[in-house]
Participant: 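Questions regarding the structure given below will be posed in turn.
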Amino acid sequence: MGNVARRDFLKAAAAAAVAPLVVPGAAAKPGARADIRIGDASYTPVPDYPIQPNLYSEVTLTDTFWKPKVAANAEVTIPFEVQKLSEIERGVNGNVLEAVILSLKTHPDPKLQAMLDARVQQAKQAEARGNSGFEVAATYYHTTGKRDLLDKAIVTADALYKNFVETNPPFSGGERDAMNCVQLYRATHDKKHLDLAKHYLDIRGLESSVNRSRHNQSYKPVLEQTEAVGHAVNCVTLMVSLADVGVLTGIKDYFNASQRMWQDIIEKKLYVTGGVGTTGNEGFGEAYSLPNINAYSETCAVLMFITLNHRLFMATGDAKYIDVMERGMYNNAIDGVSASGDRFFYVNRLASAGDGRDTRWARASLECCPPNLVRFLASMPGYVYAQDKKDAIYVNLYVSSRTSFKVGAKDLALSVDSEMPWGGVSTITVSTKDDVSGTIKLRIPGWARNKPVPSTLYSYADRLDHQATMWVNGKSVSAAPDKMGYVSLDRLWKNGDVIRVEFPFEVRRVVADQRVAETRRRVAVERGPIVYCLESHDMQGGRALSALLDARVDLKPVVDPAFYGGATVIHTSATSITNPSSAAQSVKLIPYYLWANRGAGEMTVWLSTEGYRLGDTGPAGGFIFYENPNGANDGWRYLEAAPFDQSAGARWRSPLCRSQPQWRARVVPAFARRARADVQEPQGRGHPGLS
Ligand SMILES: [Zn+2]
């Protein structure tokens with residue numbers, strides 16, 4: 001038994017608590033479906049998705065938003081993480097190593113290069129760890145053309161395959177197995193590697209699977225799953241694997257399963273910031289449960305969700321996936337790293353009590369999110385453009401940049417000059433030696449056509465009637481998108497042709513489906529792809545959670561060139577929910593991704609537009625159970641049964657949470673039965689609740 005087989009045995013043995021001990025070499029496992037054997041399915045593999053992105057290294061950013069972020073990633077964040085990882089025994093590996101490989105191609109760095117070369121030599125000598133090195137090996141091969149790690153991965157994959165043929169071990173609980181094997185397949189195009197990926201999916205959710213649960217998405221076979229459940233990162237990883245295996249094998253059932261689960265997220269489980277994962281166990285919660293102050297919305301989860309949406313686009317050519325991807329990129333994803341580039345969020349909450357719990361931390365290397373984020377930022381330019389098999393060009397994100405395409409046998413280059421994400425005007429200039437007949441598809445973002453997300457989970461409270469406009473060489477053309485969300489310009493392109501596109505770029509108020517209790521009577525503010533928030537630093541008194549925004553108040557975009565490299569902020573005014581008749585004060589909304597750069601303070605994405613009703617979910621995520629009729633005089637208006645004690649510093653907590661931990665258990669059924677305010681006024685009155 002080689003190293004690989006022994007490792008698999010160890011994984012299988014962990015299942016002994018729930019299944020009879022599995023002995024390698026035995027035939028079908030107790031409870032396993034004996035008909036599932038690796039390599040049995042008949043299919044004709046395809047090399048990859050029908051639509052392919054222009055590689056990150058083929059796109060030169062020239063903008064002032066992403067380019068500095070990608071550069072800071074290469075110059076600050078990656079070296080910071082490499083340094084942190086070098087200080088511990090594990091060394092530079094996994095996603096940080098992959099980020100180094102990717103980043104070196106566009107941002108050469110002799111010191112990092114020397115580190116990478118040494119790590120590759122070490123990795124060649126090291127013991128193979130199942131399929132976990134496949135992705136780095138494939139990336140190293142794709143990026144450098146060197147087979148050092150790939151050849152070793154192929155040997156390991158052969159051993160894994162042989163082990164499946166001989167002993168057919170059950171699902172081990174590993175989340176990335178299928179994805180790792182798909183990535184290897186993309187480098188080798190060896191059907192056995194795709195068989196491995198498919199088999200890792202097929203053995204999940206069987207009676208023989210380890211620790212069967214919704215949390216690890218093995219509660220039923222993958223093709224029967226319809227909901228996004230359990231650990232969010234792992235669930236979305238499964239969805240990416242399902243999409244990959246479905247497209248690459250041509251067996252649609254896998255792809256359809258992924259799309260069903262995506263639909264479940266889009267309709268019921270997506271944060272307005274584009275994030276996913278709502279519960280403290282890092283998982284998906286119930287439908288329409290989207291807590292703000294207790295949001296999870298892990299950076300890793302949105303990054304995998306970005307990958308998923310990009311893949312679903314690559315399979316279908318539907319811009320709705322890019323809408324979701326863009327929302328995640330401009331908000332939840334880049335919120336994961338500080339403006340300084342060396343402080344991080346693992347959890348990306350949509351509200352903060354300002355109690356210090358939401359301070360970005362520097363423990364970069366030991367957690368999953370920062371390594372994932374550096375890999376994303378290194379490859380970010382790869383999300384901007386794509387091309388299909390008929391050579392149609394997709395402009396998906398409007399980011400000032402240059403790139404080139406092969407259209408038939410001819411070369412066609414695009415140079416995009418865009419105001420995004422702070423303005424709606426973009427011009428796209430064509431360069432070509434010969435006239436080229438071809439199609440350029442321009443995405444009309446959902447936010448530019450009154451559709452913030454491709455579902456009814458969120459909608460704009462203020463409908464906008466003017467639409468995108470487009471010109472080619474100064475002549476107006478129709479900017480009405482097709483049902484895939486694109487305007488297709490099909491013509492003979494000549495050198496110097498200019499497309500100008502202008503999107504409506506007003507400040508918009510977003511409301512959520514009324515079934516989302518946490519956002520009732522509140523709005524989020526957006527402009528283009530950017531979601532805004534109110535942070536305590538930008539209002540007198542610092543009580544962002546208590547701000548009350550008049551539904552008709554003017555929201556004025558103001559360019560602030562000094563604010564973290566330049567950003568458009570929004571000037572408006574707000575009163576206090578404690579005392580709505582108090583004088584309105586000026587407040588400033590900032591892009592959500594820039595919060596928590598100025599020290600602790602209250603923050604909220606969702607702003608109240610009216611007072612709470614009893615039974616509403618309050619800012620602490622608990623039930624509002626009492627309204628003080630003398631609120632204006634007493635300085636506090638509501639009592640809220642917070643689900644847990646947020647911290648001693650949270651001024652709006654219910655005092656009962658500390659003195660009577662059982663209080664919530666008593667209050668909640670009372671509300672459920674009576675749904676009215678006849679709950680007795682609790683002891684502790686006089687302690688301010690929400691104020
Ligand atoms: Zn993470």
Side-chain angles (χ1 to χ4, degrees), residues 69 73 77-78 80-82 84-85 88 90 92-100 102 132 135-136 139 173-180 183 215-217 228-241 265 269-271 273-285 290-291 294-310 324-325 327-338 341-350 352 357-380 592-593 595-596:
K69 287 180 174 51
N73 187 55
T77 317
I78 289 177
F80 177 81
E81 291 191 12
V82 164
K84 289 277 175 188
L85 275 174
I88 60 171
R90 199 170 70 194
V92 182
N93 65 1
N95 290 340
V96 175
L97 194 60
E98 212 181 326
V100 170
L102 293 168
S132 66
E135 194 164 3
V136 172
T139 298
E175 295 300 335
R176 296 185 64 95
D177 294 335
M179 174 175 285
N180 291 338
Q183 294 301 76
H215 193 67
N216 70 1
Q217 300 89 31
V229 298
H231 190 278
V233 180
N234 294 344
C235 181
V236 182
T237 303
L238 169 64
M239 293 162 74
V240 172
S241 308
I265 294 174
K269 299 172 183 174
L270 178 74
Y271 277 113
T273 50
V276 294
T278 55
T279 66
N281 68 356
E282 311 192 343
F284 282 103
L290 290 162
N294 301 320
Y296 208 75
S297 212
E298 182 178 338
T299 307
C300 285
V302 77
L303 296 176
M304 192 58 79
F305 198 48
I306 285 168
T307 301
L308 174 68
N309 280 287
H310 194 227
V324 181
M325 180 185 92
R327 183 169 287 274
M329 284 175 74
Y330 279 93
N331 301 292
N332 191 146
I334 52 175
D335 182 55
V337 59
S338 66
D342 58 357
R343 294 290 182 275
F344 304 92
F345 269 149
Y346 181 100
V347 172
N348 298 275
R349 300 188 210 285
L350 281 80
S352 175
R357 189 171 68 138
D358 298 306
T359 305
R360 295 172 186 272
W361 34 257
R363 281 181 294 130
S365 54
L366 307 176
E367 309 289 343
C368 48
C369 295
N372 242 329
L373 191 61
V374 284
R375 188 177 61 162
F376 162 73
L377 283 168
S379 56
M380 178 273 153
Y592 167 74
Y593 76 86
W595 85 281

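For this chain, numbers begin at 1 and follow the sequence in order. One-based numbering, in listed order, for ligands and for the atoms of each.
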Participant: Side chains of T237 and E175: donor-acceptor distance under 3.5 Å anywhere?
Facilitator: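 No pair is found: no donor N or O on one side chain lies under 3.5 Å from an acceptor on the other.
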Participant: Nearest 0.5 angstrom please: C368 SG to L373 CG, how far?
Facilitator: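 Those atoms lie 11.0 Å apart.
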Participant: Ion pair present between D335 and R360, side-chain N to carboxylate O less than 4.0 angstrom?
Facilitator: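 Yes.
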Participant: Hey, are the side chains of Y271 and N331 touching, using non-hydrogen atoms and a 4.5 Å cut-off?
Facilitator: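 Answer no - side chains too far apart.
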Participant: When you compare the side chains of N348 and T299, does any donor N or O come within less than 3.5 Å of an acceptor on the partner?
Facilitator: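 Distance-only check passes for N348 and T299.
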Participant: Is any protein N, O or S atom closer than 2.8 Å to the Zn ion (ligand 1), and if so, which?
Facilitator: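 Hits for the Zn ion (ligand 1) below 2.8 Å: E298 OE2, C300 SG, C368 SG, C369 SG.
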Participant: Relative to the ring of Y346, is the ring of Y296 parallel (under 30°), tilted (30 to 60°) or perpendicular (over 60°)?
Facilitator: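 Perpendicular.
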